[in-house]
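Values reported hereafter were calculated over all heavy atoms of this structure, with side chains retained and with hydrogens, waters and symmetry mates removed. Numbering of ligands and ligand atoms starts at 1, following listing order. Not measured: the values here are computed from a predicted model.
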Amino acid sequence: MNIYTLIIWLYFTIFIIDAAPITSKSNSISLKKIAPKHSLKEVHQFYKDYFILKYQNIHVTDQDKLASDKKILSGSENLTISDILGYYGEITLGSQEFKMVFDLGSSDLWVPSQDCTQDSCVSHKRFNESLSKTFNSTGTPFSVAYGAGSVTGITGKDNVLVGGLKSEGQEFGLVQEEVGSLFQEAEYDGIFGMGFNDLSSIGTPTPFSNMVEQKAVTNPYFGIYLQRSNDTGHTGTLTLGDIDTTKFTGNLNYNNVSTLHREYLYWILDVDDISINGNKLNFKNKLATFDTGANIILMPEEDAATYHKFINGSSLNEYGIYTVPCNTMDQVAYIIGGVSYNIDQSDLVTESDCSSSVQAGSIGDDNMWLIGDAFLRNVYSVYNIKNFTIGLAPVSK
Ligand SMILES: *[C@@H]1O[C@H](CO)[C@@H](O)[C@H](O)[C@H]1NC(C)=O
Ligand SMILES: *[C@@H]1O[C@H](CO)[C@@H](O)[C@H](O)[C@H]1NC(C)=O
Ligand SMILES: *[C@@H]1O[C@H](CO)[C@@H](O)[C@H](O)[C@H]1NC(C)=O
Ligand SMILES: *[C@@H]1O[C@H](CO)[C@@H](O)[C@H](O)[C@H]1NC(C)=O
Ligand SMILES: *[C@@H]1O[C@H](CO)[C@@H](O)[C@H](O)[C@H]1NC(C)=O
Ligand SMILES: *[C@@H]1O[C@H](CO)[C@@H](O)[C@H](O)[C@H]1NC(C)=O
Ligand SMILES: *[C@@H]1O[C@H](CO)[C@@H](O)[C@H](O)[C@H]1NC(C)=O
């Protein structure tokens, strides 16, 4: 894994367009057509059926029915760690299957189009419009930039299935050109953005946001569990519309998400401080963008230097990369919302070359850090798109 690929990836999407409003369908029943042609008895029956339908939730007495009405609509998706970046899982787009990276740091859904004949597209699954009966063309040009890598194409609409849940008529990007070598080697075909709607370059609500509006899920949040190894055959779980309580200990601690330029875009939290071997580093006013699409943690130079001063045996090599002893035993904890979250020692180093999982890199603001999977593997995290919170709890051991 090339550190520069990593850093480049982290430069995020640069186009910011307001999300289109969602219009919700309402069922209306026309009474005029029925009344003149039917007997009073039939009309009464019709009204009775109508009110039973309308007030179903209030009038149910049957216990089984009650239980099924209360059932939480949710779905879950197995995730696999990628050799390149992040964690990926399968989705179905208009009956065609794709492997997607679930990325907190962007808000667009795209897959390669059959019209793209570049190597990076041909080596992946491509969307064939004529094989989908539900596809609708919109033909709006779009472009999403991830720093050195970018994708361009046109948009279309189709149904998306994730973890058994549907986002109907989801607008997504059909990529005709991929610029940069970022995607060529990737195990995944496309990206499934899970940031806030206002971050979307396409300017459309995210699939999860659509599921909430379309009532495909009961709760407006999703939970993420990232496992360290793949011993059990899968290395993470994304739960949409519910929380997987088997994955953490104690209670979730809720933190308010911070805005950027007064808008909710990324999943940003205030970080109180970091402690290493019991010493507080005295960081002040630091913000962190949570990003499942990044493997490491990035801090501006000064903060990365402070951090490594406390890491036993760390050094900065000639390429400007921090290294730490491969078997480091330091006790690192991130303090967020007054709660300490311990980092497993294996997450202090990157597996491949024992470089530190914390590196220097600016993501645009002196106080902003980027918190990737090296932190996120240590917590169960819950992202609420309606009340703008992230719930955190230490993962079960
Ligand atoms: C996810 O993984 C679990 C545990 O390995 C397995 O039981 C389940 O069938 C998997 N689900 C899917 C959709 O592959
Ligand atoms: C797309 O599907 C159509 C209909 O089955 C087929 O004729 C065409 O060859 C496919 N295109 C590609 C690029 O596979
Ligand atoms: C495609 O458009 C038709 C006609 O407007 C509509 O009925 C259908 O729901 C649309 N399909 C999707 C997936 O948006
Ligand atoms: C999962 O583990 C096996 C055995 O250690 C390894 O061969 C395989 O490459 C791993 N898969 C991933 C996606 O890491
Ligand atoms: C979080 O936001 C809620 C609602 O806006 C507010 O009531 C609460 O005080 C905030 N909590 C903190 C710790 O700022
Ligand atoms: C730092 O590393 C040295 C050499 O490996 C070791 O002797 C010492 O105990 C370590 N200190 C801490 C605080 O872990
Ligand atoms: C946000 O929603 C979660 C889950 O429903 C709830 O536990 C939490 O208290 C809410 N927080 C605020 C600030 O409304």
N/O contact list for ligand 7, threshold under 3.5 Å:
from     : atom 1 : to     : atom 2 : distance (Å)
ligand 7 : 2 (O)  : Asn384 : ND2    : 3.2
ligand 7 : 2 (O)  : Asn387 : ND2    : 2.4
ligand 7 : 11 (N) : Asn387 : ND2    : 2.9
ligand 7 : 14 (O) : Asn387 : ND2    : 3.1

What are the atoms of ligand 3, with element, lying closer than 4.0 Å to any heavy atom of Thr134? 11 (N), 12 (C), 13 (C)
For ligand 2, which atoms sit closer than 4.0 Å to a heavy atom of Gln114? 1 (C), 10 (C), 11 (N), 12 (C), 13 (C)
Which residue pairs satisfy the ring-ring contact (aromatic ring centres under 6.0 Å, His included) criterion with at least one member in residues 268-302, sequence neighbours excluded? Phe283-Trp369, Phe290-Phe375
In terms of side-chain heavy atoms, does Asp103 have a donor or acceptor partner in Tyr87 at a distance below 3.5 Å? no
Does any N/O atom on Arg126 come nearer than 3.5 Å to any N/O atom on ligand 2? no
Return the minimal non-hydrogen interatomic distance between Ser357 and Thr350, and the atom names on each side. CA-CG2, 4.2 Å
Numbered atoms and elements of ligand 2 in range of Asn128, under 4.0 angstrom, heavy atoms: 1 (C), 2 (O), 3 (C), 8 (C), 10 (C), 11 (N), 12 (C), 14 (O)
Does Glu213 come within less than 4.0 Å of Lys386, counting only side-chain N to carboxylate O? yes
Look at Asp303 together with Lys286 and state whether they make a salt bridge at an N to O cut-off of under 4.0 Å. yes
Exercise: identify the closest heavy-atom pair between Pro112 and His124: CG-CB, 4.3 Å
Does a side-chain N-to-carboxylate-O contact under 4.0 Å join Asp189 and Lys99? no
Taking only heavy atoms of Leu131, which atoms of ligand 2 are found under 4.0 Å from at least one of them? 2 (O), 4 (C), 5 (O)
Would you mind writing out the side-chain donor-acceptor pairs for residues 151-165 within the sub-3.5 Å range, not counting sequence neighbours?
from   : atom 1 : to     : atom 2 : distance (Å)
Thr155 : OG1    : Thr138 : OG1    : 2.7
Thr155 : OG1    : Glu171 : OE2    : 2.9
Asp158 : OD1    : Thr134 : OG1    : 2.5
Asp158 : OD2    : Ser132 : OG     : 2.6
Asp158 : OD2    : Phe135 : N      : 3.4
Asn159 : OD1    : Gly169 : N      : 2.9

Write out all pairs satisfying disulfide bond (SG atoms under 2.5 Å apart) with one or both partners inside residues 286-367, taking only residues at least two apart or from two chains. Cys326-Cys354
Please check whether Asn136 reaches ligand 3 - meaning an N/O of the residue sits under 3.5 Å from an N/O of the ligand, judged on distance alone. yes
